[in-house]
Amino acid sequence: MNNRKVRVRFAPSPTGGLHLGGVRTVLFNYLFAKHHKGEFVLRIEDTDQTRYVAGAEEYINECLRWCGLEPDESPSKGGPYAPYRQSERKALYRQYAEQLVASGHAYYAFDTPEELEDMRVRLKTTENPAPQYNHIVREQMKNSLTLQDSEVQALLAKNTPHVIRIKMPENDTLTFTDMIRGEVSFNTGMVDDKVLLKADGMPTYHLAVVVDDYLMKISHAFRGEEWLPSAPVHILLWKHLGWESEMPEWAHLPLILKPDGNGKLSKRDGDRLGFPVYAMNWTDPRSNEFTKGFRELGFLPEAFVNMLVMLGWNDGTEQEIFSIEELIAKFSMDRVHKAGAKFDFEKAKWFNHQYIHHKDNESLAALLQPMLAEKDVHAGLEFVAQVAGLVKERLYVLSEFWEHSFFFFERPKTYDTGAVVPKWNEAKEKFFTTWLPKLDKLPKQPGAAELEASFKELAAEMQIKVGELQLPFRIMLTGGKFGPPVFDIASTLGVTETQKRIAIGVDTYRKAADTTNA
RNA sequence: GCCGCGUUGGUCAAGGGGUUAAGACGCCUCCCUUUCACGGAGGAAUCACGGGUUCGAUUCCCGUACGUGGUACCA
């Protein structure tokens with residue numbers, strides 16, 4: 001049915017930060033486009049001037065850039081179908097709405113907001129809590145279907161504020177094929193006469209998507225499931241505008257749901273449950289409300305993308321970790337789930353953990369170094385890379401780096417002496433004071449193996465179990481009972497620093513032991 | 001209320017008329033490591049419910065329940 005060039009679009013309205021569901025829609029569009037060697041376009045749907053938020057468009061651009069899902073055509077990049085901002089295309093839409101009026105598929109409506117409100121309260125009942133402007137109600141409203149032609153012309157001539165509404169057929173069955181859901185059908189009588197062109201001359205989403213998808217030669221239209229109920233309106237528009245043969249194939253993507261309760265995931269849930277919902281930090285310029293993002297928390301974009309793609313799609317095998325190239329090669333719409341997926345932050349972190357664990361130390365260091373600088377810790381890239389190599393297997397998000405590695409950059413401020421002091425004795429103290437000078441004989445940056453050999457040799461000589469000594473040594477170096485293998489830490493710290501920490505440690509243990517015994 | 005869409009373990013999910021119903025996350029136990037982590041080995045689900053169809057249904061059909069989306073001159 002469709003062998004034309006694949007062209008897909010992501011069409012957000014610039015009203016705030018991009019949340020998980022939005023990014024996933026981008027991702028599916030992008031993967032589909034690349035898989036079919038087609039084009040991915042970004043179109044900004046800023047037809048509602050009241051909801052426009054400054055900076056939101058830049059945020060979207062930056063977000064796509066960070067994720068590595070950049071469009072082939074966009075407002076900032078341009079392209080053969082520019083402009084890509086609907087506000088800049090305003091003049092285009094009216095003619096199509098008028099065309100529909102002329103062909104009898106739409107009509108002028110002069111009802112004021114007050115009159116509409118009045119209709120809704122008047123018709124509201126328990127059975128019908130939300131009355132629609134539909135094929136029955138329109139008979140009693142002020143529009144070009146009920147008014148005399150002369151009246152309509154007069155109203156129009158006086159520039160009376162009006163909208164253009166679609167005239168939904170009373171009782172038709174409209175069926176279309178959704179790439180994910182198969183055949184879906186609606187009775188047209190159940191859907192209301194949606195506004196197509198607003199009183200301010202801007203199109204509503206319904207008109208704008210259809211016109212722009214047509215004009216931009218979109219071949220496949222993917223969007224969230226929340227759009228499924230208005231699909232009949234759009235399909236009718238394609239038909240009545242005479243473009244049916246060029247209508248894109250549709251796919252309505254499953255929603256991403258709250259982890260706990262009910263409903264689709266919102267940024268509120270993130271605040272409530274303690275995880276980000278937006279891709280990147282976002283501050284609303286009007287309210288100054290701040291919403292945290294995955295990027296700043298320390299997610300790697302490749303992990304973020306991988307985690308998102310698994311929410312609603314899989315390739316049918318056990319594989320869960322995919323590079324973007326693999327995803328492009330393997331992605332297909334017919335393996336997308338129908339049902340919504342509850343978001344699981346633990347699993348999301350696991351993906352990130354996998355990616356951090358397997359990322360090379362140098363790349364990690366490049367990401368980590370600026371985070372250290374924010375703490376006023378300045379360390380060379382090479383050293384940060386070395387430390388990263390030692391601790392990366394225990395990081396779930398990059399922002400946890402410091403708590404796992406601070407002792408490489410500064411001396412511990414506190415010591416978990418409780419774990420060693422009760423068993424601390426003169427023999428152990430003797431061991432460390434004896435070992436101290438021996439370290440001078442080692443190279444300044446000894447390997448972990450050398451250190452370990454020297455340590456064990458002396459322990460054997462003094463007939464103390466190595467295991468008894470390791471924990472005290474670790475706490476001298478790190479302050480606590482955690483971290484990479486002790487000798488790796490000592491090796492990274494170097495002889496001089498290790499000696500200093502041993503000296504401080506012995507002192508600390510002795511004092512602690514004294515006060516305990518006293 | 002009405003309309004649409006959906007329903008396999010706590011979560012993501014594979015599978016699809018006949019199976020011991022994969023795997024992952026999380027949880028628990030054990031091994032490795034006298035730290036933590038990594039890495040191993042195990043443990044926990046009869047597929048929402050009720051009717052059909054069938055020799056046989058978790059898989060097909062119909063209902064019900066539940067969930068979810070829509071019901072704006074918002075997208």
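Every chain is numbered from 1, with letters handed out A, B, ... down the list of sequences. Since the structure is predicted, the reported quantities are computational estimates derived from the model, not experimental observations.
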Q: Looking only at side-chain N and O atoms, does A/Ser266 offer a donor or acceptor that is under 3.5 Å from a partner on A/Asp269?
A: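 Yes.
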
Q: Distances for protein N/O vs nucleotides 4-12 of chain B N/O pairs under 3.5 angstrom?
A:
from: B/rC5; atom 1: O2'; to: A/Arg181; atom 2: NH1; distance (Å): 2.6
from: B/rC5; atom 1: O2'; to: A/Glu225; atom 2: OE2; distance (Å): 3.1
from: B/rC12; atom 1: OP1; to: A/Lys342; atom 2: N; distance (Å): 3.0
from: B/rC12; atom 1: O2'; to: A/Met310; atom 2: O; distance (Å): 3.3

Q: Quick one: side-chain hydrogen bond (donor to acceptor under 3.5 Å, both in side chains) partners of A/Asn134, sequence neighbours excluded?
A: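 side-chain hydrogen bond (donor to acceptor under 3.5 Å, both in side chains) check on A/Asn134 returns nothing, list empty.
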
Q: Please tell me if A/Thr47 has a side-chain N or O lying less than 4.0 Å from either OP1 or OP2 of B/rA75.
A: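 The answer is yes; a side-chain N or O of A/Thr47 sits under 4.0 Å from OP1 or OP2.
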
Q: Whole Å only: how far is the NE2 atom of A/His252 from the P atom of B/rG70?
A: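 Checked: the NE2 to P distance equals 13 Å.
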
Q: Spell out, as yes or no, whether a donor-acceptor pair under 3.5 Å connects the side chain of A/Arg94 to the backbone of A/Gly201.
A: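 Absent.
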
Q: Please give, in whole Å, the distance from B/rG1 C1' to A/Arg120 CZ?
A: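 So the two atoms are 16 Å apart, to the nearest Å.
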
Q: Please enumerate all residues that pass ring-ring contact (aromatic ring centres under 6.0 Å, His included) together with A/Phe345, with sequence neighbours excluded.
A: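 Checked A/Phe345 against ring-ring contact (aromatic ring centres under 6.0 Å, His included); matches are A/Phe275.
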
Q: Would you say B/rA13 has OP1 or OP2 under 4.0 Å from some side-chain N or O of A/Asn314?
A: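 Negative; the distance criterion is not met.
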
Q: Can the ring centres of A/Phe294 and A/Phe304 be said to be less than 6.0 Å apart?
A: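 Under 6.0 Å, so yes.
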
Q: Taking side-chain contact (heavy atoms from CB on, under 4.5 Å) as the test, write out the residues that go with A/Phe482, two or more places apart.
A: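 Result, side-chain contact (heavy atoms from CB on, under 4.5 Å) vs A/Phe482: A/Phe406, A/Phe407.
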
Q: Take N1-N3 plus N6-O4 or O6-N4 for Watson-Crick, N1-O2 plus O6-N3 for G-U, both under 3.5 Å. Which runs of 3 or more such pairs involve RNA chain B?
A: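 Stems found: B:1-7 with B:65-71, B:10-12 with B:23-25, B:27-31 with B:39-43, B:48-52 with B:60-64.
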
Q: What is the distance, rounded to the nearest whole Å, between atom CD of A/Glu393 and atom P of B/rG40?
A: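 These atoms are roughly 13 Å apart.
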
Q: Of all residues at least two apart in sequence or in a different chain, which pass the side-chain hydrogen bond (donor to acceptor under 3.5 Å, both in side chains) check with A/Arg268?
A: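 Here no residue qualifies.
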
Q: Less than 4.0 angstrom between a side-chain N/O of A/Lys264 and OP1 or OP2 of B/rG67, yes or no?
A: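 Negative; the distance criterion is not met.
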
Q: Sequence neighbours left out, what passes side-chain hydrogen bond (donor to acceptor under 3.5 Å, both in side chains) with A/Lys413? Give chain and number order.
A: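 A/Glu410.
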
Q: Could you tell me how far apart A/Lys349 (NZ) and B/rC38 (P) are, to the nearest whole angstrom?
A: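 Rounded to the whole Å, the gap is 13 Å.
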
Q: For residues 189-210 of chain A, pull every pair meeting ring pair (Phe, Tyr, Trp, His ring centres under 6.0 Å), keeping only residues two or more places apart or in separate chains.
A: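 Those involving residues 189-210 of chain A are A/Tyr205-A/Trp227, A/Tyr205-A/His234, A/His206-A/His234.
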
Q: What pair of heavy atoms forms the shortest contact from A/Val163 to A/Ala199, and how long is it?
A: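 That would be CG1-N, 3.6 Å.
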
Q: Donor-acceptor pair, A/Arg138 side chain versus A/Leu145 backbone, under 3.5 Å?
A: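 Absent.
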
Q: Would you tabulate the nitrogen or oxygen pairs shorter than 3.5 Å linking the protein to nucleotides 27-33 of chain B?
A:
none

Q: On the nucleotide B/rG70, are OP1 or OP2 found under 4.0 Å from the side-chain N or O atoms that A/Arg223 carries?
A: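 Answer no for this pair, as no side-chain N or O of A/Arg223 is under 4.0 Å from OP1 or OP2.
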
Q: How are the rings of A/Phe431 and A/Trp435 set to each other: parallel, tilted or perpendicular (split at 30° and 60°)?
A: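 Ring orientation of A/Phe431 relative to A/Trp435: parallel.
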
Q: What protein N or O atoms touch nucleotides 60-66 of chain B N or O atoms at under 3.5 angstrom, if any, and at what distances?
A:
none

Q: Let me know, please, whether A/His357 or A/Asp192 comes out on the 5' side of the other along RNA chain B by nearest nucleotide.
A: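 The answer here is A/His357.
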
Q: Would you tell me whether A/Gln354 and A/Glu320 have side-chain atoms, one donor and one acceptor, within less than 3.5 Å of each other?
A: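 No pair is found: no donor N or O on one side chain lies under 3.5 Å from an acceptor on the other.
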
Q: Measure the distance from CZ on A/Phe455 to P on B/rU35 and round it to the nearest whole Å.
A: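 It is 13 Å, rounded to the nearest whole Å.
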
Q: Without decimals, in angstroms, what is the distance between A/Glu400 CD and B/rA37 C1'?
A: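 Going from CD in A/Glu400 over to C1' in B/rA37 covers 12 Å.
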
Q: side-chain contact (heavy atoms from CB on, under 4.5 Å) with A/Asn314: which residues, sequence neighbours excluded?
A: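 With neighbours one apart ignored, the set is A/Met310, A/Arg335.
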
Q: Measuring to OP1 and OP2 of B/rA72, would you say a side-chain N or O of A/Arg165 lies under 4.0 angstrom away?
A: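 The answer is no; no side-chain N or O of A/Arg165 sits under 4.0 Å from OP1 or OP2.
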
Q: Side-chain N or O of A/Tyr396 less than 4.0 angstrom from OP1 or OP2 on B/rC38?
A: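 Checking A/Tyr396 against B/rC38: at least one side-chain N or O falls below 4.0 Å of OP1 or OP2.
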
Q: Please state how far atom CD1 in A/Ile356 lies from atom C1' in B/rA37, giving the value in whole angstrom units.
A: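 Computing the A/Ile356:CD1 to B/rA37:C1' distance gives 14 Å.
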
Q: Taking the C1' atom in each of B/rC47 and B/rU7, what is the distance between them to the nearest angstrom?
A: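 Here B/rC47 and B/rU7 have their C1' atoms 10 Å from each other.
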
Q: For the pair made of CE in A/Met168 and P in B/rC3, what is the distance, rounded to whole Å?
A: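 Those two atoms, CE and P, are 15 Å apart.
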
Q: Using the side-chain contact (heavy atoms from CB on, under 4.5 Å) criterion, which residues pair with A/Lys198? Sequence neighbours excluded.
A: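 side-chain contact (heavy atoms from CB on, under 4.5 Å) check on A/Lys198 returns A/Thr47, A/Asp48, A/Val195, A/Asp200, A/Met202, A/Thr204.
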
Q: Using the P atoms only, state how far B/rA44 lies from B/rG50, rounded to an integer number of Å.
A: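 Rounded to whole Å, the distance is 25 Å.
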
